[in-house]
Number of protein chains: 2
Amino acid sequence: MRSVLLVDDEPQLVRALQINLEAEGYAVTTAADGANALRAAASQPPDVLVLDLGLPDMDGTEVIRRLRTWTELPIIVLSARHGSSDKVEALDAGADDYVTKPFGLDELLARLRAVERRSWPVREAGVVEAGDLQIDLMAATISRAGRRIRLTPREWGVLQLLVENRGRLVSQQQILSEVWGPVYEKETHYLRIYVGQLRRKLEQDPANPRHLITEPGMGYRFEI
Amino acid sequence: MRSVLLVDDEPQLVRALQINLEAEGYAVTTAADGANALRAAASQPPDVLVLDLGLPDMDGTEVIRRLRTWTELPIIVLSARHGSSDKVEALDAGADDYVTKPFGLDELLARLRAVERRSWPVREAGVVEAGDLQIDLMAATISRAGRRIRLTPREWGVLQLLVENRGRLVSQQQILSEVWGPVYEKETHYLRIYVGQLRRKLEQDPANPRHLITEPGMGYRFEI
DNA sequence: CCGAATCTTTACGGGACCCTTACGCCAAAC
DNA sequence: GTTTGGCGTAAGGGTCCCGTAAAGATTCGG
C-alpha cells in the first residue's frame with residue numbers, strides 16, 4: 001500500500017498528516033472538499049482513501065456512496081462526532097474503517113496496515129514466485145527453474161494450502177483436516193511423508209529446506 | 001466486509017441469498033456441506049461465514065469447533081430449530097450470532113453489519129512492533145532487527161498471550177492455565193524457565209529486560 | 001485383467017523440546 | 001545478621017516429534 005488520498009478541510013491537520021504519512025513511506029495526495037476528492041479518486045486512484053466526514057460542500061457519507069458506485073477502494077473515515085450513528089451510517093455507506101478525532105498517528109497507521117492486510121487476499125489469485133519456483137494456484141501448475149514439476153494430488157493439496165497461506169504458520173491439524181478430511185486430524189505421519197516428498201521435488205537441498213519450513217510442535221510454513 | 005462464505009444444503013435458499021447478498025455488494029462463495037465449507041474457509045478465507053446448522057455430512061457445531069481451532073473468523077449461524085439449547089451450543093462452540101429460520105433478508109443484513117463492526121477491532125491484532133521486535137500474531141512469526149527468531153511451541157504460547165494483553169498485567173496463574181492447562185496453575189517454576197529463555201532470545205540485555213517485565217508477586221507484563 | 005502410479009502403513013534413528021532438579025541471587029521480614 | 005520467599009540460571013535425562021526408507025494396499029487406466 002503506497003498511495004493515500006487524504007481528504008480534509010483543515011489545512012493544519014492535512015499538512016501534519018501528510019508529513020507523517022510520507023515519513024512512513026506513503027505517497028500522499030490531498031483534497032479539501034468532496035468534489036475535489038471524487039475528481040482526484042477518479043483521475044489518479046489511490047491505494048487507500050482517508051476521508052473526513054465533515055466537508056464544506058457535501059456530506060462525507062455522500063462521497064462514500066458515490067465512490068462505491070464504481071470502486072471498492074478501501075476507505076478509512078475520520079470523524080469528530082462521537083455518536084455511533086454517524087459511524088454506522090458511514091460504514092453502511094461503504095467505509096472500511098473509522099477513526100474518531102482526536103486520534104494518534106499510531107492509530108491511523110494501524111488502521112492503514114489493517115486495511116492493507118485485508119485487501120491483500122484480493123490480489124492473491126495468480127502466480128507465486130519463490131526462489132526458482134513458480135507456482136500457479138489457479139492453473140494448479142508448478143515449475144522450478146522453468147522446468148515443469150509433476151505433483152500427485154495429495155502433494156498438490158498440501159502445497160496449495162501452504163502457498164495460499166504463505167508466510168503464515170499452518171497447523172498440522174489444519175492441513176490434515178483440509179486435505180485428508182476432518183477424520184484424519186491425528187494422522188500426523190501422513191504429513192511427514194508428503195512434506196518429505198515435496199521437499200525432494202521442490203528444494204535445492206531437501207535436507208536444509210528454504211521454502212517448506214517445519215515449525216516443531218506447531219506446523220509447517222511456506223516461505224517465499 | 002466484502003466476502004461471505006454461505007454454507008447451506010438447500011439450493012433454492014442458497015441461490016436466493018446469493019443474489020440478494022451480491023446485490024448488497026458482497027462477494028459470495030457457497031458450500032453445500034461441512035467438508036467443503038472447511039476447505040473453502042481455509043483456501044480462501046472469507047470475511048464472514050454464514051452457516052446452516054443442519055448439514056448432510058456433519059453437525060454444524062462441529063464445523064464451528066474445527067474452525068475455531070485456527071481462526072477467529074466471524075460466524076453467523078442459521079437454524080430451523082427453535083430450541084434455545086441449539087443456540088447455546090452453537091454460541092458456546094464459537095459462533096458470533098444466531099438467526100432462526102425463517103428470517104427476512106433485512107435481519108440477516110443487519111446481523112452481517114453488526115458482526116462486521118464488532119469484528120474489526122479483532123482484526124487489528126496484526127503486527128505488533130516493540131523496539132526492534134516485530135511480532136506477527138496471525139502468522140506466528142517474530143523478528144528482531146529484521147532477523148527471524150525461532151521459538152518453541154511453549155515459548156510462543158507464553159509470548160502470544162502476553163503480547164495479546166500487551167501493556168496489561170497477566171497473572172502467573174492465567175499464563176499457566178492458558179498455555180499449560182488449568183491443572184498446572186501452581187507450577188510457577190515452569191514460567192521462570194520459559195520467561196528466561198524468551199528474554200535471552202528477545203531482549204538486548206536479558207538481565208535488564210525492557211519488554212518482558214516481571215511484576216513481583218503478581219505476574220508478567222509485555223511492554224512495547 | 002494387468003501394471004503402474006499413488007496412497008497408506010510400518011519401522012527406526014536422530015534430534016529437539018520439555019520437564020526436572022539443583023543452586024545462586026536479591027529483597028523484605030524478623 | 002539471619003531467615004524466608006520469590007525470581008533467575010544452568011544442566012541433564014527422558015520423551016516426544018520429525019525425517020526417511022521400504023513394503024503392502026489401493027486406485028486407475030489400458
Side-chain angles (χ1 to χ4, degrees), chain A residues 140 142 148-162 169-181 183-222, chain B residues 140 142 148-162 169-181 183-222:
Chain A
I142 172 170
R148 194 57 174 284
I149 300 179
R150 260 175 51 83
L151 296 186
T152 72
R154 285 277 195 261
E155 287 166 3
W156 175 254
V158 173
L159 183 68
Q160 184 183 32
L161 185 62
L162 287 173
L169 172 70
V170 187
S171 75
Q172 306 198 18
Q173 289 73 24
Q174 188 184 344
I175 304 175
L176 288 164
S177 176
E178 303 309 329
V179 179
W180 272 266
V183 191
Y184 295 84
E185 259 184 9
K186 300 285 180 65
E187 319 292 330
T188 57
H189 52 286
Y190 289 3
L191 267 183
R192 296 206 292 278
I193 308 283
Y194 281 92
V195 168
Q197 290 178 355
L198 279 171
R199 285 212 257 249
R200 224 168 304 142
K201 292 186 178 183
L202 307 183
E203 299 278 0
Q204 294 191 335
D205 179 8
N208 296 5
R210 293 165 61 184
H211 300 300
L212 217 45
I213 309 298
T214 302
E215 300 279 357
M218 310 215 280
Y220 293 90
R221 178 200 311 279
F222 188 87
Chain B
I142 171 169
R148 267 301 256 299
I149 301 179
R150 263 175 51 86
L151 296 185
T152 73
R154 285 279 195 263
E155 288 165 4
W156 175 253
V158 173
L159 183 68
Q160 186 182 31
L161 184 62
L162 288 174
L169 172 70
V170 186
S171 76
Q172 305 198 16
Q173 288 72 26
Q174 189 182 344
I175 304 175
L176 287 164
S177 175
E178 299 273 348
V179 178
W180 273 265
V183 190
Y184 296 84
E185 261 186 6
K186 300 286 179 64
E187 318 291 330
T188 57
H189 53 288
Y190 290 2
L191 267 184
R192 295 205 291 279
I193 308 280
Y194 281 93
V195 168
Q197 289 178 355
L198 279 171
R199 286 211 257 249
R200 218 169 310 142
K201 291 185 178 181
L202 308 183
E203 300 277 1
Q204 294 191 335
D205 179 8
N208 295 6
R210 294 165 60 185
H211 300 300
L212 218 45
I213 310 298
T214 302
E215 300 279 354
M218 313 263 290
Y220 293 90
R221 176 202 313 277
F222 188 87

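Numbered from 1 within each chain, the chains take letters A, B, ... in sequence-line order. Atoms considered below: every heavy atom in the structure, side chains included; atoms not considered: hydrogens, waters and symmetry mates.
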Trainee: When you measure from the side-chain N and O atoms of B:W180 to the phosphate of C:dC18, is any distance below 4.0 Å, counting only OP1 and OP2?
Mentor: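 Answer is no, no contact under 4.0 Å.
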Trainee: Rounded to the Å, how far apart are A:E187 CD and D:dC17 C1'?
Mentor: 16 Å
Trainee: Rounding to a whole Å, what distance do you find between A:L176:CG and C:dC7:P?
Mentor: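 Nearest whole value for this atom pair: 14 Å.
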Trainee: Does the side chain of A:Y220 come within less than 4.5 Å of A:L162's, by heavy atoms?
Mentor: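 The answer is yes, as the side chains (C-beta and beyond) meet within the 4.5 Å cut-off.
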Trainee: Taking atom CZ as the centre, does A:R210 end up with more than 12 heavy-atom neighbours from other residues, nucleotides or ligands that are less than 6.0 angstrom away?
Mentor: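 No, not enclosed.
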Trainee: On the nucleotide C:dT8, are OP1 or OP2 found under 4.0 Å from the side-chain N or O atoms that A:Y184 carries?
Mentor: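 Result: no.
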Trainee: Nearest 0.5 Å, what's the CD-CD distance between A:Q174 and A:E185?
Mentor: 10.0 Å
Trainee: Whole angstroms only, please: what is the CZ-P distance between B:R150 and C:dC18?
Mentor: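 Answer to the nearest Å: 11 Å.
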Trainee: Among C:dC19, C:dT6, C:dC18, which nucleotide has an atom closest to any side-chain atom of B:P153?
Mentor: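 Ranking C:dC19, C:dT6, C:dC18 by closest atom to the B:P153 side chain puts C:dC18 first.
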Trainee: Could you state the atom-to-atom distance from CZ of B:R154 to P of D:dT15 in whole Å?
Mentor: 16 Å
Trainee: Show the numbers, then the answer: is there a side-chain contact (heavy atoms from CB on, under 4.5 Å) between A:F222 and A:L159?
Mentor: CA-CA 8 Å; A:F222 188 87; A:L159 183 68; 4.0 Å; yes
Trainee: Reckon B:Q172 has a side-chain N or O less than 4.0 Å from the OP1 or OP2 of D:dG6?
Mentor: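 For B:Q172, the contact criterion (side-chain N or O under 4.0 Å from OP1 or OP2 of D:dG6) is not met.
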Trainee: Can you tell me the distance, in whole Å, between the OH atom of B:Y190 and the C1' atom of D:dG6?
Mentor: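 The answer, rounded to whole Å, is 18 Å.
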Trainee: Can you check the A:K186 NZ to D:dC16 C1' distance for me, whole Å?
Mentor: 16 Å
Trainee: Whole angstrom is fine here: how far is it from CG in B:L151 over to P in C:dA16?
Mentor: 16 Å
Trainee: Are side-chain heavy atoms of B:R154 and B:W180 found at a separation under 4.5 Å?
Mentor: yes
Trainee: Just N and O in the side chain of B:Y194: are any of them under 4.0 Å from OP1 or OP2 of C:dC17?
Mentor: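 It does not, given that no N or O in the side chain of B:Y194 lies less than 4.0 Å from OP1 or OP2 of C:dC17.
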Trainee: For C:dA5, does OP1 or OP2 lie under 4.0 Å from any side-chain N or O of A:T152?
Mentor: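 No.
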Trainee: Figure out the CH2/P separation between B:W156 and C:dC17, and round it to whole Å.
Mentor: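 Rounding to the nearest Å, CH2 of B:W156 and P of C:dC17 are 15 Å apart.
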Trainee: Taking only the side-chain nitrogens and oxygens of A:T188, find out if one of them lies under 4.0 Å from OP1 or OP2 of D:dC17.
Mentor: no
Trainee: Pair up each side-chain donor or acceptor in residues 189-202 of chain A with any protein partner under 3.5 Å, not counting sequence neighbours, and list the distances.
Mentor:
{"from": "A:R199", "atom 1": "NH1", "to": "A:L212", "atom 2": "O", "distance (Å)": "2.3"}
{"from": "A:R199", "atom 1": "NH2", "to": "A:T214", "atom 2": "OG1", "distance (Å)": "3.2"}
{"from": "A:K201", "atom 1": "NZ", "to": "A:R150", "atom 2": "O", "distance (Å)": "2.9"}
{"from": "A:K201", "atom 1": "NZ", "to": "A:E155", "atom 2": "OE1", "distance (Å)": "2.9"}

Trainee: Looking at every non-hydrogen atom in both residues, tell me the closest pair between B:W156 and B:L151 and how far apart they are.
Mentor: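 Where B:W156 meets B:L151 most closely, the heavy atoms are CE3-CD1, 3.7 Å.
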Trainee: Can you tabulate the close N/O pairs, meaning under 3.5 Å, that link protein atoms to atoms of nucleotides 8-10 of chain D?
Mentor:
{"from": "D:dG8", "atom 1": "OP1", "to": "B:R199", "atom 2": "NH2", "distance (Å)": "2.2"}
{"from": "D:dG8", "atom 1": "OP1", "to": "B:T214", "atom 2": "OG1", "distance (Å)": "2.6"}
{"from": "D:dG8", "atom 1": "OP2", "to": "B:Y220", "atom 2": "OH", "distance (Å)": "2.8"}
{"from": "D:dG8", "atom 1": "N7", "to": "B:R192", "atom 2": "NE", "distance (Å)": "3.0"}

